[in-house]
> 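Got a structure here, written out as structure tokens. Questions coming.
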Amino acid sequence: MANTEMNPVDLAGVEKLIEATDALVREALAVASKRTDGGKGIDNEQVHCERLAYAATEVRAARDLFAYAQDATANHSDPSIAAMAGLFAGEVALELRAQIEAHPAEFGLSDDRLNATLGSAELRTLIRGATADRAVSAIGRHIMEQRGVNHSWLSDDMASMTRDSVRQFAEAEVTPRAEHIHRHDDLVPDELIEKMGELGFFGMSVPEEYGGGDMGNLPMIITTEELSRCSLAAAGSLITRPEILTKALLKGGTDRQKQEWLPTIAAGQIMVGISVTEPDTGSDVAAVKCRADATELKGQTGYAINGAKAWCTFAGRANVLALLARTNPDPKSGARGLSLFIVPKDAFAGHEFEMRQPGGGMLHGKADRTPGYRGMHSFTLALDNYFVPAENLVGEAGGLNKGFYLQMAGFAAGRLQTGGRATGLSQAALERTAEYANDRKQFGQPIGSYQLTQHKLGRMATYVMAGRQLTYAAALAMDRDESIALEPAMAKLFASDVAVWVTQEGQLVHGGWGYAEEFPISRYVVDATVLPIFEGVKPILELKVIARQLLA
Ligand SMILES: Cc1cc2nc3c(=O)[nH]c(=O)nc-3n(C[C@H](O)[C@H](O)[C@H](O)COP(=O)(O)OP(=O)(O)OC[C@H]3O[C@@H](n4cnc5c(N)ncnc54)[C@H](O)[C@@H]3O)c2cc1C
């Protein structure tokens, strides 16, 4: 299809649509804020608050995609970007309108208000034009022509160079290993980690004074995206754990701790596991039970750690665990009784390990089998009088009982990373699907010549781009203010959902072959489903992070 077939899109109209949608969401947030006493009563209105958190996230994504479309069309000739911005804004507006119509009392918005805004003749015409079947199918044809490849315009030269070089690296080093690791549930090979370390992948956001590249969050996210495009588990997720510990150390570590740990993290010399979750404690992090009690071993002061942990990814291969434990034995102390420890251990291959310390401490780990996200293995851990020196308490004496807050700072960075991970995985699914739709013939024609396949590809590409721009905008926002939590949470929420949906749409376009292991789309589907679960399972992210902040 020639690009000229794409309808020209009036970006001023798209902006008007986003403004109207945003205004309604803001009005609804004000109503909900009042009803929940600034978010304190969210639990009495969970269903509606979840709905609002999602709507606000989608509006933010529509704004970020629109801003990108404005820049990109001024600098780059791809007409599909403006069409995507229009389509996404139109679908978000349609969804919000349907929600308000179904739940007017909860939204606190009358039919008159709705009719005067999204229901007005002008906006209805805009929505119809932006979401018209032929407009969406035209995007899909364009994507098929490009075989789905992401050449999206980047204003930042460093980000653009990073994308080119990491893409080349990942295609050469990760793609050839990805299927084998997935099907055999192998461990990521050390050789790959070493190469990534040499290229500085683990230290991109570590300040230069600690041996990092200090390149900021955007190149780091793009690195994660490109690695995840080749494999989520065997490469794309490797940077996340060091990044979480880095952010916790930068926020609350002592100078000595930063000097000791950050250079080795940046060089990829130590691998990190993050150990928060316990068998009986997941979302309610403040209820963590694993204990750390002050003790002394052969004249060295430290802590004896006792308890069980669950789902600690990469705990076998990791050289240290960033472990959250209770230092105030009174369970009523909740989040204010937890501390973050850097727990050293030996690196083990395989799915089970046991580490015995000379002083009698023991750490046992056994990996739980999972359908996807293979390559790093996620372990259930048992700690029995495992000794950790006092100097490994993050923040040392000043960090006692501050672990929850340091962990949350780390999680914000982790969520931003997950926006990048999800976008890379979605991108991979889009490319494989565009290729398949070009190559596969049924009823005498490529399946991509059918209107419905084109329409599917058009929507898939649009949502992948919306997730990408939301994540990039969150990365830049975090460069400006490290303490933000809302934007990374929104990026994680939306991009993860996109990954689940786009991989499953892609699988359908592959028909039966989408279910066969030999087609990577089947791996993408099982990998994607973990994304809305970790770092705050979707409902908790919506209620306890996003809604809470929006309503405060
Ligand atoms: C493959 C994998 C890797 C992981 N890696 C790590 C890791 O490296 N380190 C780590 O610490 N953890 C890790 N996790 C754990 C992950 O972070 C937790 O699974 C997640 O936080 C959810 O906790 P949970 O599983 O205990 O679910 P729960 O907290 O039991 O929640 C289950 C469901 O209950 C509902 N629910 C719970 N509370 C509420 C509420 N207040 N209001 C409304 N609904 C509610 C929600 O629907 C929620 O989805 C990993 C998990 C997986 C699957």
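Here the structure is a predicted model, which is why all the values come from computation and not from measurement. Remember, it's 1-based here, ligands and their atoms both numbered in the order they're listed.
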> Which residue owns the protein heavy atom closest to atom 23 (O) of ligand 1, what's the atom, and how far is it?
G282 CA, 3.4 Å
> State whether the shortest distance between N or O atoms of T277 and N or O atoms of ligand 1 falls below 3.5 angstrom.
yes
> Judging by distance only, is a nitrogen or oxygen of S283 under 3.5 angstrom from one on ligand 1?
yes
> Identify each donor-acceptor pair in which a side-chain atom of residues 306-315 lies under 3.5 Å from a protein atom, sequence neighbours left out, and give them as a table.
unit_1: N306; atom_1: OD1; unit_2: N385; atom_2: N; d: 2.7
unit_1: N306; atom_1: ND2; unit_2: N385; atom_2: OD1; d: 3.1
unit_1: K309; atom_1: NZ; unit_2: V276; atom_2: O; d: 2.9
unit_1: K309; atom_1: NZ; unit_2: E278; atom_2: OE2; d: 3.1
unit_1: K309; atom_1: NZ; unit_2: L324; atom_2: O; d: 2.7
unit_1: T313; atom_1: OG1; unit_2: S378; atom_2: OG; d: 2.8

> For residues 192-203, which residue pairs qualify under salt bridge (charged side-chain N to carboxylate O under 4.0 Å, His left out), counting only residues two or more places apart or in two chains?
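Found E173-K195, E191-K195.
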> Take atom CZ of R183 as the centre, draw a 6.0 Å sphere, and report whether it contains more than 12 heavy atoms from other residues, nucleotides or ligands.
yes
> Would you say I540 has any N or O atom under 3.5 Å from an N or O of ligand 1, going by distance alone?
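Among all N and O atoms of I540, none is under 3.5 Å from an N or O of ligand 1.
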> Test of understanding: given a 4.0 Å heavy-atom threshold, classify the contact between Q46 and ligand 1 as side chain, backbone, both, or neither.
side chain
> Purely on distance, is any nitrogen or oxygen of W311 under 3.5 Å from one on ligand 1?
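Yes, there is a polar N/O contact under 3.5 Å.
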> Considering only the protein, which heavy-atom contact is closest to atom 8 (O) of ligand 1, and what is its distance?
T313 N, 3.0 Å
> Give a yes or no answer on whether the side chain of E225 reaches the backbone of R468 with a donor-acceptor pair at less than 3.5 Å.
no
> Could you go through D190 and R317, starting from their C-alpha distance and side-chain angles, then the distance that decides it, and tell me whether this counts as side-chain contact (heavy atoms from CB on, under 4.5 Å)?
CA-CA 9 Å; D190 281 348; R317 170 60 182 81; 2.8 Å; yes
> For K538, state whether at least one heavy atom is located under 4.0 Å from any atom of ligand 1.
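No heavy atom of K538 comes that close to ligand 1.
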> Identify the heavy atoms of L416 and A474 that sit nearest to each other, and give their distance.
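Looks like CD1-CB, 3.7 Å.
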